[in-house]
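Comments concern the structure below.
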Protein chains: 2
Amino acid sequence: MRLKELASHLGLSQTTVSRALNGYPEVNAETRQRVLDAARRYDYRPNASARRLATGRAGAIGIVLPTDRNMLLDPHYVEFQAGLGERLMKDEIDIVLSPSRSGDEMATYRRMAVSSRVDAVILSSPAVDDPRVALLTELGLPFVVHGRTGSPLDYAWLDIDNEGAFRHAAKHLLDLGHRRIGLINGETRHNFALDRDRGFRAALAAHGVEVDERLVAEGVMSDETGYRITARFLAERPRPTALLVSSMMMSLGALRAIRAAGLELGRDISMIAHDDVIPFLNPDAMVPTLSTTRSSIRAAGTRVAELLMELVAGDRAPASIHELWPVDLVIRASTGPAPRN
Amino acid sequence: MRLKELASHLGLSQTTVSRALNGYPEVNAETRQRVLDAARRYDYRPNASARRLATGRAGAIGIVLPTDRNMLLDPHYVEFQAGLGERLMKDEIDIVLSPSRSGDEMATYRRMAVSSRVDAVILSSPAVDDPRVALLTELGLPFVVHGRTGSPLDYAWLDIDNEGAFRHAAKHLLDLGHRRIGLINGETRHNFALDRDRGFRAALAAHGVEVDERLVAEGVMSDETGYRITARFLAERPRPTALLVSSMMMSLGALRAIRAAGLELGRDISMIAHDDVIPFLNPDAMVPTLSTTRSSIRAAGTRVAELLMELVAGDRAPASIHELWPVDLVIRASTGPAPRN
DNA sequence: CGGCGTATTCAAAGCGCTTTCAACCGGTCG
DNA sequence: CGACCGGTTGAAAGCGCTTTGAATACGCCG
């Protein structure tokens, strides 16, 4: 069913039908109802391409999907996607994934922009100094960054307070008497990891505790990395009495290493991990339950979608969009007073 | 830069320029070169919507993204997506994620089809009896199913041999002398889980071993489920001496439960898990290394993309596309002879 | 009663491509 | 020498929608 046919069925012009369907005010109420009814009856759907061509809007937002780097290829990413989807669904906006070999990403963004496949894009996990920001700005393609770069920050972004989260978490451990605290971080070329590192150091400094660099490590946020780094930390003497871990996935590995070392979590050693609130990694379901710094990445996705739409509609200036979300510190059973000896 | 401008810059008609760019044969070689050069110089990109409208092809394939059910929201899904992307990238085909509340999925497929946003769609993790197959067939929207439904199988599908995988794995355990084998499965409303169940039972039956239904369980494939089911199994007497697990994620939980019970994997109890080959869940990196049934879900994604394109091009009939991939059984350190007592 | 504002509808002109269909230009063939 | 042909190019007609500009009808005012 095409607009043309629908119109002739109704004995109306395409113009009127189009207006009726798109909610323009200059249509007689009765006529509009007739049109709406007919549209439903015939299951009429405007052709997406035609509409896009006519309006100049793509009705889609873009994500560049790096296929060979596994940075984004983790559970966080899907959860974020789901969040985006939740919001975009309401306006029937699609998400366009543009696959791209890493290194080729810039070209992919350019392609998206120039061929106007999307109205805006999302930039995730920015590096400390990320060239994509400049590119997108130059291309004039609206975008929201999930996270932040180092500086300057004259673009639209939404980030969680990674610095504060890890500062508070570290402080909590310090208050419990811990002095040997290990940091198992994500890769510090990403800004969020750097922020966590800062927060960690700031807390120790505030307590007059010196950072032992042998207890600071980073890597891909996997179970494996968590295991390896923890095993290494536990071999140090004096052994750390607490760990700050950058992801739940890593904490699973860490937990294995702790058990393998014959230690008991929450008594011999404490642990706080960052939790993006992923359905199949539930800190309450762990044994013992895991203390976390918590911020729903899904909620962030939803909000980013919202911001994106405001941006596209021209309701907001990019530079006016800066959201820094506070992070909850949720104390559960994996943290306890520092063991004395 | 638009086609029109490019053409006038070159002193040619749009027709010729379009043909030159799209590789039609009736263009003079020299002219084509000029056009190609100019296109590059001006960084010309055809407008996606216009091209789509003109050709009737959307240049995109669709995936319905269920936002509230977490079925697909797991690492497997992303890995599969990456595989798809790897192939689609070559032809600059986009992936369109259409978010949809579950229950509303059918409507979303219908919308995708009727508004011709995509040329084809992928149907993942089909239920044993999945209404989506009939819908898509009726809509005439080309699709490839990743997995299979119960029957009939008169559509395009690619699946791994889940039945064979678990049959072999169970047989291996039986050959090692295990008689009390537990099955920790995904939800059997999905066909893959049902197939695994069948394979498991077939192997036991072939060995004349009776299935103890208290050692058969299913659930969402998460760490938590793995932990809980394993803990329950280990409380049975006589205790199982081996476990067959449906995902690596579950196996992490299972491993925790095993350790918590004071057992040693590979000696007191054996385990084989299914591995979709996910970068951050590496069975070789586990301690002890984990025996698996292995099949790369990413490779499957790539192949599905390939099939999809053949389908769209009309090169293949849907019913001619049936691929059943064999699954490797990789024995590592988590499997050993059944303990005697 | 003529003029005018308002409400409603429509014809037609795009949007930027692809793709007929026609035209043109040597050159070849009978 | 004219018909014909392969090679090459172009004008124009869509693709299915939105939107501008104009037309029509009606009611109200002076």
Side-chain angles (χ1 to χ4, degrees), chain A residues 1-36 38-39 42-60 92 94 111-119 313, chain B residues 1-36 38-39 42-60 91-92 94 111-119 312-313:
Chain A
M1 175 64 54
R2 302 289 169 225
L3 181 59
K4 198 171 175 180
E5 305 170 53
L6 184 61
S8 77
H9 271 295
L10 284 161
L12 287 170
S13 71
Q14 293 190 37
T15 313
T16 304
V17 177
S18 169
R19 282 180 176 141
L21 293 174
N22 291 304
Y24 282 71
E26 63 266 54
V27 181
N28 180 295
E30 187 193 332
T31 308
R32 161 166 290 133
Q33 199 51 55
R34 270 182 58 220
V35 172
L36 257 31
Y42 295 114
D43 192 24
Y44 167 75
R45 290 281 177 177
N47 175 295
S49 304
R51 161 178 270 168
R52 286 166 185 179
L53 180 57
T55 59
R57 269 173 287 110
E92 303 207 343
D94 292 325
R111 180 167 73 88
M112 278 191 160
V114 183
S115 65
S116 57
R117 274 166 201 256
V118 299
D119 297 319
Chain B
M1 176 62 58
R2 301 287 169 229
L3 182 59
K4 199 172 176 178
E5 306 170 53
L6 184 61
S8 78
H9 272 295
L10 284 161
L12 288 170
S13 70
Q14 293 191 39
T15 312
T16 305
V17 176
S18 168
R19 281 177 178 146
L21 293 174
N22 291 305
Y24 282 72
E26 64 267 50
V27 182
N28 181 293
E30 188 192 332
T31 308
R32 162 165 289 135
Q33 199 52 54
R34 271 181 58 217
V35 172
L36 256 31
Y42 294 114
D43 193 23
Y44 167 75
R45 289 280 179 181
N47 176 294
S49 305
R51 160 178 270 167
R52 288 166 183 176
L53 181 56
T55 59
R57 268 173 286 112
D91 294 73
E92 303 207 343
D94 291 325
R111 180 168 72 89
M112 278 193 162
V114 182
S115 65
S116 56
R117 289 168 128 80
V118 298
D119 297 319
V312 171

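Side-chain atoms are counted along with the backbone in the values below, which use heavy atoms only and exclude waters and symmetry mates. A note on names: the letters A, B, ... follow the listed sequences, proteins ahead of strands, and every chain is numbered from 1.
- Protein atom CG of A:Leu3 is 9 Å distant from nucleotide atom C1' of D:dT18, rounded to whole Å.
- Taking only side-chain nitrogens and oxygens, B:Thr15 never comes nearer than 4.0 Å to OP1 or OP2 of D:dG10.
- Taking only side-chain atoms of B:Ser13, from C-beta outward, the nucleotide of D:dT18, D:dG10, D:dT19 with the closest atom is D:dG10.
- Nucleic acid contact for B:Ser49: none, since no nucleic acid atom lies under 4.0 Å from a heavy atom of the residue.
- Within 6.0 Å of CD in B:Glu26 there are more than 12 heavy atoms belonging to other residues, nucleotides or ligands.
- Taking a heavy-atom distance under 4.0 Å as the criterion, the stretch of DNA chain C touched by chain A extends 5' to 3' from C:dT8 to C:dG16.
- Using a 4.0 Å heavy-atom cutoff across all strands shown, A:Arg19 reaches at least one base atom of the nucleic acid.
- The 5' end of DNA chain D is approached more closely, in terms of each residue's nearest nucleotide, by B:Thr16 than by the other of A:Lys4 and B:Thr16.
- B:Arg117 has its side chain within reach of B:Arg111: a pair of non-hydrogen atoms, C-beta onward, lies under 4.5 Å apart.
- Within the 4.5 Å cutoff, side-chain heavy atoms of A:Asn22 are placed close to those of A:Arg51.
- Residue B:Thr55 is classed as a sugar-phosphate contact, given heavy-atom separations below 4.0 Å to backbone atoms only.
- Under a cut-off of 6.0 angstrom, the local environment of CZ in B:Arg57 is sparse, with at most 12 non-hydrogen atoms contributed by other residues, nucleotides or ligands.
- The shortest side-chain heavy-atom distance between B:Tyr44 and A:Val114 does not fall under the 4.5 Å cut-off.
- The residue among B:Tyr44 and A:Val27 whose nearest nucleotide of DNA chain C is located toward the 5' end is A:Val27.
- In this structure, CZ of A:Arg52 is placed 12 Å from P of D:dT18, rounded to the nearest angstrom.
- Rounded to whole Å, the distance from CD on B:Glu26 to C1' on D:dG10 is 12 Å.
- Two residues are said to be in side-chain contact when any heavy atoms from C-beta on lie closer than 4.5 Å; A:Val35 and A:Thr16 fail this criterion.
- OP1 or OP2 of D:dT18 has not a single side-chain nitrogen or oxygen of A:Tyr24 nearer than 4.0 Å.
- The side-chain heavy atoms of A:Ser18 and A:Leu3, taken from C-beta on, include a pair separated by under 4.5 Å.
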